[in-house]
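As a basis for the values below, the full set of heavy atoms in this structure was taken, side chains included, without hydrogen atoms, waters or symmetry mates.
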Amino acid sequence: MTQVLRTKLASLLTTVYPDLECDGLADKLLETMGLEPEQPPPPAHQNNWDESDVVLITYADSVQQPDQKPLVTLHQFLKDCLEDSISTVHILPFFPFSSDDGFSVMDYLAVNESHGTWEHVEAIAADFKLMADLVINHMSARSRWFENFRKRVDPGKDYFFEGNPRDDLSAVVRPRTSPLLNPVQTEDGERHVWCTFSEDQVDLNFANPQVLIEFAGIIRQYLERGVIVFRLDAVAFLWKESGTSCIHLQQTHELIKILRLLIEHHSPTAVVITETNVPNRENLTYFGNANEAHVIYNFSLPPLLINTLVTGNCRHLKTWLMSMPPAQMGTSYFNFIASHDGIGMRPTDGLLTEEEKQRLINTMDSFGGKVSYRRTPDGRDQPYEINIALYDALKGTAESGADHWQHQRFVCAHTIMLALEGIPAFYIHSLLATENDLERVANTGRLRSINRSQWQLDMLEQTLEDPLTHHSKAFHELKRLIAIRRKQAAFHPNATQFTLHLGLQLFGFWRQSMRRDQSIFCIHNISDEIQQVALSDINLIGTDEWVDLISGMTIDDQSGSITLKPYQSVWLSNRE
């Protein structure tokens, strides 16, 4: 049998390391991953997801209970409250860390003792698809590798990227305002290490192929522990070259292809997701030719959808949706409205004007939000993300401020997300309608803490059981919508989608199942005023019977109209 895998791997490696003998490197990577050179590939353009897939994003310790490891408590909450609602759980970094709530990893192969053990992780993976972070761009300055870097010994001596303060670094794209280069004392004297995100998060040096080999071993352990979905954190910054922007470089794309090749040959149903908080056109490049990420974060959706709901105008959201290419089979969008980070503003570049961005920022500020900044190549500080809990982000409108439509607006946002082409994902604090945690911001000094609350399990259970709390109302309504969504073939992540033209206060699109036997017209009143929808405008097939999956309302007169209350949604389907 020909060694197809080895040949393909060596070819990709040559594009990254043209000066190395890459056949030997390919052999070492295959050995590290436990793969044979002739290992058969997974089926091409295979969808490892369907309409039943819904993701929950959470920290290991978002839900806690006294005298119990948080991973055990989280597992209990998932089993008791969400087993019938989600297919996948994304546990944010659960490794020993020194800062950034887990994203400054000290040891990739260990579980943070305060969270639990690998056995607890494996128990969750036995009941749900497990998504985990591969924090691949940087590592903690307190890690063993970095201590070895200081001592000038292996493993670690050449594992971190170094820069020269005399080099022209003016073109480097930055996500932060902190210094890019930080001086450190080593056994060989002072060296300047590259820190894209913070002084405690030192960028790894993938120009050293040994770093790639190390990550192959890390990936293999994750796979053997039950991880089936890999989130490549901050991967856009992976490769650096002096004199360039140091973002989206071709070597980065080739390394993603290499990692995908290794992962999917080990586990054909595994999925690679790239996390690239960048403008929309740049984000789309991470699909490659269906040979890079299986799934990409739909980063423009959160700011555009929130902007739509607080302005009562869907023009920009509709324009963006019409411009989005359908994902090829075997690839998909990852739809979310909120996450552990803030609402990214870079993904609005080219979609919102500067005035519209500022209006959105001002509105979020009036609802208790904060703003984090990044430094541009010309030295200016620009808004990078808005830090706010989603429930509070939707408490009112830009024009009138807070109002009594918060719950309806919040549910409308998720109803839109659930129906769009792609895989829907709920951040735990959105599913629970958690509010701004300003006390946590004060305690940590970090703006992102505003949306990183921690619930005590007994209090959470009491709150969700009380039908009068807004948490309970939101949680149970979202669960009801999720249950409806998971049964509809037209909501398969790769089912056809077309945008409807219903004016600026009605946001609508049509989904059709891949077998073309189900159509769903998804229409959402994104304003605080009653809207009328003429059914003749959406071309319902006259021979079919139509029903709103959300309310159960049937359409008896297709020449008539339907009335939508503020922020009401309908999913008109020809099949229940």
Ignoring hydrogens and geometry, is there a side-chain-to-backbone donor-acceptor pair from [X] to [Y] under 3.5 Å?
X      : Y      : result
Ser140 : Ser98  : no
Asn47  : Gly330 : yes
Glu461 : Asp458 : no
Gln488 : Ile484 : yes
Tyr108 : Ile136 : no
Ser267 : Ala270 : no

Ser472: side chain to side chain contact (heavy atoms under 4.5 Å, CB included) partners, not counting sequence neighbours: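 Partners of Ser472 under the side chain to side chain contact (heavy atoms under 4.5 Å, CB included) test: Thr469, His476.
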ring-ring contact (aromatic ring centres under 6.0 Å, His included) partners for Tyr297, two or more places apart: Phe299, Phe334, Phe336
Ile86 side, atom CD1; Lys479 side, atom NZ - distance, nearest 0.5 Å: 10.0 Å
Side-chain touch His138/Asp233, heavy atoms, less than 4.5 angstrom: yes
Phe215 and its side-chain contact (heavy atoms from CB on, under 4.5 Å) partner, picked from Leu204, Leu262, Leu255: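 Result for side-chain contact (heavy atoms from CB on, under 4.5 Å) with Phe215: Leu204.
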N/O donor-acceptor pairs under 3.5 Å from side chains in residues 22-36, not counting sequence neighbours:
residue	atom	partner	partner atom	Å
Asp27	OD1	Arg6	NE	2.5
Asp27	OD2	Arg6	NH2	3.1
Thr32	OG1	Lys28	O	2.8

